[in-house]
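See below for the structure under consideration.
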Amino acid sequence: MSWLPLSFGAPMVLWGLLALPVIWWLLRFTPPKPQTEVFPPLKILARVLKREETPQQSPWWLTLLRLLMAALIVAALAEPVFNPRERLPAEGAALALVIDNDWASAADWGQRVATAERLIADASSNDVPVIIAFTAEKPNAEIGPFDAATALDRLRAAKPRPIPTDRPAVYARVAATLESLPGASVAVLADGLAAEGDEAAFNTLLSKNAARVVWAASDRPGLIGLTGADNQVDGFELTAIRAPGDPAPAQVTAGAFDDKGRRIADATLTFSPGESTATGTMAVPFELRNDFASIALDGQRQAGAVRVLDESSKRRRVGLLSQAEADQAQPLLSPLYYIRRALQPFADLAEPSSADLAEAIPQLLDQKPAMIVMADVGTIPQQVRQRLVDWVDNGGTLVRFAGSRLVAAGNDDDLLPVRLRTGERSLGGALSWTTPQPVTDFPKTGPFADLAPPAEVTVSRQVLAEPTPDIVERSWATLADGTPLVTGMKKGKGTLVLFHVTPEATWSNLPISGSFVEMLRRIVQLSRNQGAAVANAEAAAASLAPYRMISADGRLVPPTPDARPLVPGAGPLPVTFENPPGLYGSDTGVVAHNLLNAESSLAPLVRPQITVPVTTIQYAFDESHNLKGPLVAAALLLMVLDTLAVFWMGGLFSRRPRRAGTAAATTAALLIALGAVVGHIDIARAEDAKSGDAKPGDERAIEDISKTRIGYVQTGDRSVDSISQAGLEGLTRFLIEKTALEPGAPARVDISRDQLAFYPLIYWPIDPAAPMPSQAAIARVDAYMQQGGTVLFDTRDQFATGIGAEQASPATERLRDILGNLNVPALEPVPEDHVLTKSFYILPEFPGRFAGGPLWVAASLEASNTENRPVRTGDGVSPIMITANDFAGAWAVDENGDPLLPTVPSDPMQRIYALRAGVNIMMYMLTGNYKSDQVHVPVLLERLGQ
């Protein structure tokens, strides 16, 4: 029985409300009020006989109170429920719960569990056994039937897995179990994504022995997965997918993280209306890309939105090969000398141990390089030639340099980008009319398009390419006469490149120019690593131990006990229960095993055609509330009020003295009853208050003054406040490690309410988006500064033009508005002889996350006389400090003590100097300017006659 959001479990009890008129009639009568009189007895008897009265009814308000108490008891016995949920068809011979617990269910797993709990509760009320199966568990996992309590325990012990579902196998096991339980109810709690074999799986599950079906659908936004993260020339090219057919545009941000979990780059991917694929480029320098350990999509807490990276996405491996013997006496004449010097800063170089090409080429290919450089290598041995061609077709980059051996070997259509003329061309010399040719502008279609042509480079000898229709497209660099200097072409997935000069400075001075380094660098960026390098074939076939796994919610976690070693093979390996996504290997090298690949798609699951009755529900938490307890508590409270009213009417609370024992017993009984009722009504709230961190004002004050604490102003922006707290925690750690001071935890300060005098220093990050403080709050800050406190204002914008500049940042403008209401003294940048420069460390400057901005303090009385101000401002300290260098950003650390934000510029010592600046500021605040007195030591000793 229900009315709107209220229902009753025992509605027949409500007929008891008809008895309220009878109760009202009975409550109208009440015994006469007892009277107490003193002697003489005759007067008492006379007055009693004269004034004896019997009340006909009780007061109306007492009658109403008792009627309301009776109504509450009747309503409570009817078991009322507010916002009742619909009872689900969990009946028949059994209830079969089939739940998807794969990676796609991680985002709303709590709602799925709550939905399944309601189904099990309904099955328990109907005394129906429960079959519970998960589609992303071990194939031999027990599925029941269980009683309701056991099924509930197994449900709460389950968790989402970072793997796809295996519906065909699990549904077949459930269908086999239902053969002995005809007429069962089947509840399908799916993840909303289609998978291979779904149609056959649903036919197997629902075609037999299913009397009714509960179909749970999700109303959450569609999933977004990351299917590609390729390290290209200009940056990391990212590819994300979503379910097709969504008419709304969408935008998602991807973040790149290093091996310590620090975010170092961002990119935005945009889905057009109706599009299921979005791409974006994380344009960061090549060196920074080598620090990427993983890439994740913001707001997508599931394994499909994370990709881990291995060495194949990082620094390139380059193999070097030459047939010429190295001359130890003249290393500059070695064909590989300038190539090594050019590639060492940004590539891992590998060279074979044998000079024989038949052995050297396989040795290089076994190391799976991204690029192979051949310096004047002639004919490739036939037994290894096809393997080299296959390596290029599969994505390898082969770079060849001309020379006498290459000229003698002739053309090779599979391993050269162009056909060559016989012989070589000589430019200049005593018997030649030609002169050495310079390099002209690089073609706009080649990889060197944005490089300036080297004016100092000339070519005296070269090998010429046969003129073909596509020679212009394949020319990456040309000479002034139009002949190609560098040619290249795509072959399969790989690239062929030919330098038409030698790698040493004999045919040209290109190898000793800076342009040579940049040209090789661009070619390296065009290449792609072919996988993890292994020492031999036996190692390649060996298994890789689990190293770091991706959890279902997208976090990197240690390997689970169920994870097994990964056996590398050809092509992408499937993600299974024993091989979940993550990194496999060891500290020396890992292989990435990601959930989604370039061929993955996110197709929505379509409900199959079902002939039996179907009930569709949504994943949601149970929002129903049983009102029986609150109603009983309210009735008890009214009973206590009724008791107090009766005692009052009986004269218990009159001014006449009572017997001490009776009054004490009555008072104790009332207190016990009242305590029981209040505890019953709000016991949960009392427990919360007991465990909370709220403290009375006196306790807060005692805590604030028991230890030295640094305060920071609460701006209302969670990101700004969290950085302030983390920054002051980092400074506190540094103070404990380096000084004798042991400060307490940083305190968040509300300048409009909190007591400011407890903190020697208050850090105030200026946020232009925060509301302007009230005049009362600014007055409290002004009083705090006048009474000896110091406020460190940080605009975090590194303004270089000074506070008084006409054009300033929004943070500086907000600071001006705040300072305009304060009694601020004259300011000056910290001079070289100021106490702050030597209060603990000797510091010439005060950097933060940024460097270069000055630290402003109160100016000395004789600021213009630099020779007559050693003590600076007497024995006081500056009541105000202003910086733009973002001190808190440089001090901020996480729970492990690792920095949260990078410094600009990225210099590890800048963070150390920032922490030392914080120590100097704290020492200055706590000790004043005693360090300035050291300059007077010679004078004092002279006066003492020593």
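For the single chain, residues carry numbers from 1 onward in sequence order.
Under the 4.5 Å side-chain criterion, counting only non-hydrogen atoms from C-beta, Val252 is not in contact with Thr268. Using a 4.5 Å heavy-atom threshold, the side chains of Val306 and Ile295 count as separate. In this structure, the side chains of Thr616 and Arg607 come closer than 4.5 Å at one or more pairs of heavy atoms. Annotation: side chain of Leu583 is not in contact with side chain of Val591 (no heavy-atom distance under 4.5 Å). When side chains are defined from C-beta on, Val557 does not count as touching Arg548, because their heavy atoms never get closer than 4.5 Å. Side-chain contact between Phe257 and Ser294 is present, with at least one heavy-atom pair separated by less than 4.5 Å.
Between the side chain of Asp108 and the backbone N or O of Gln111, no donor-acceptor pair lies under 3.5 Å. Side chain of Ser105 to backbone of Asp102: a donor-acceptor contact under 3.5 angstrom is found. Side-chain atoms of Thr150 never come within 3.5 Å of backbone atoms of Phe146 as a donor-acceptor pair (strictly under, hydrogens ignored). Side-chain atoms of Thr576 come within 3.5 Å of backbone N or O of Asn579 as a donor-acceptor pair. Using a distance-only test at 3.5 Å, with no hydrogens or angles considered, a donor-acceptor pair links the side chain of Asp794 to the main chain of Arg796. Looking at Asn394, its side chain does come within 3.5 Å of a backbone N or O of Asp390 through a donor-acceptor pair. Not a single donor-acceptor pair under 3.5 Å links the side chain of Arg173 to the backbone N or O of Glu142. Panel note: side chain Asn885, backbone Arg849; no donor-acceptor pair is recorded below 3.5 Å.
Neither side chain, Arg316 nor Thr397, offers a donor N or O lying under 3.5 Å from an acceptor on the other. Donor-acceptor pairing under 3.5 Å is lacking for the side chains of Gln302 and Asp553. Looking only at atom types and distance, the side chain of Thr281 has no donor-acceptor partner in the side chain of Glu237 under 3.5 Å away. In this model, no donor atom of one side chain and acceptor atom of the other lie less than 3.5 Å apart for Asp298 and Thr253. Asp721 and Ser724 are not linked by any side-chain donor-acceptor pair at a separation below 3.5 angstrom, with hydrogens and angles left out of the test. For the residue pair Asp717/Thr715, the side-chain donor-acceptor check at 3.5 Å is not satisfied. Neither side chain, Asp562 nor Thr560, offers a donor N or O lying under 3.5 Å from an acceptor on the other.
Between Ala240 and Ile224 the shortest heavy-atom distance is CB-CG2, 4.1 Å. The minimum heavy-atom distance linking Pro162 with Val575 is given by the pair O-CG1, 3.9 Å. Across every non-hydrogen atom of Ile241 and Ser601, the tightest pair is CD1-CA, 3.8 Å. What you find for Pro604 and Ala243 is that their closest heavy atoms are CD-CB, 4.2 Å. Of all the heavy atoms in Ala914 and Ala890, the pair that sits closest is CB-CB, 3.7 Å. The minimum heavy-atom distance linking Ala190 with Arg112 is given by the pair O-NH1, 2.7 Å.
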Original post:
Where do Asn597 and Ser600 land on the side-chain hydrogen bond (donor to acceptor under 3.5 Å, both in side chains) test, with the steps shown first?
Top reply: CA-CA 5 Å; Asn597 53 47; Ser600 300; 3.2 Å; yes

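The number of heavy atoms from other shown groups lying within 6.0 Å of CD (Gln344) is above 12. The neighbour count for Lys490 NZ, taken as heavy atoms of other residues, nucleotides or ligands under 6.0 Å away, is above 12. Summarising the local packing, CZ of Arg301 is surrounded by 12 or fewer heavy atoms from other residues, nucleotides or ligands at distances under 6.0 Å. In the displayed structure, Arg263 atom CZ is contacted under 6.0 Å by more than 12 heavy atoms of other residues, nucleotides or ligands. Counting heavy atoms of neighbouring residues, nucleotides and ligands inside a 6.0 Å radius, atom CD of Gln251 exceeds 12 of them.
Between Glu578 and Lys138, no side-chain nitrogen of the basic residue sits less than 4.0 Å from a carboxylate oxygen of the acidic one, so the salt-bridge criterion is not met. In summary, Arg167 and Asp191 engage in a salt bridge, as defined by a charged side-chain N under 4.0 Å from a carboxylate O. Using a 4.0 Å cut-off between charged side-chain N and carboxylate O, Lys491 and Asp393 make a salt bridge.
Taking the six-membered ring for Trp, Phe202 and Trp215 have ring centres closer than 6.0 Å.
Ring orientation note: the planes of His593 and Tyr584 are nearly perpendicular, at an angle over 60° on the 30°/60° scale.
Among the candidates Asp100, Thr165, Asp166, the single residue satisfying the side-chain hydrogen bond (donor to acceptor under 3.5 Å, both in side chains) test with Thr135 is Asp100.
Of the inter-residue distances, the one linking Asp886 atom CG with Thr903 atom OG1 reads 11.0 Å to the nearest 0.5 angstrom.
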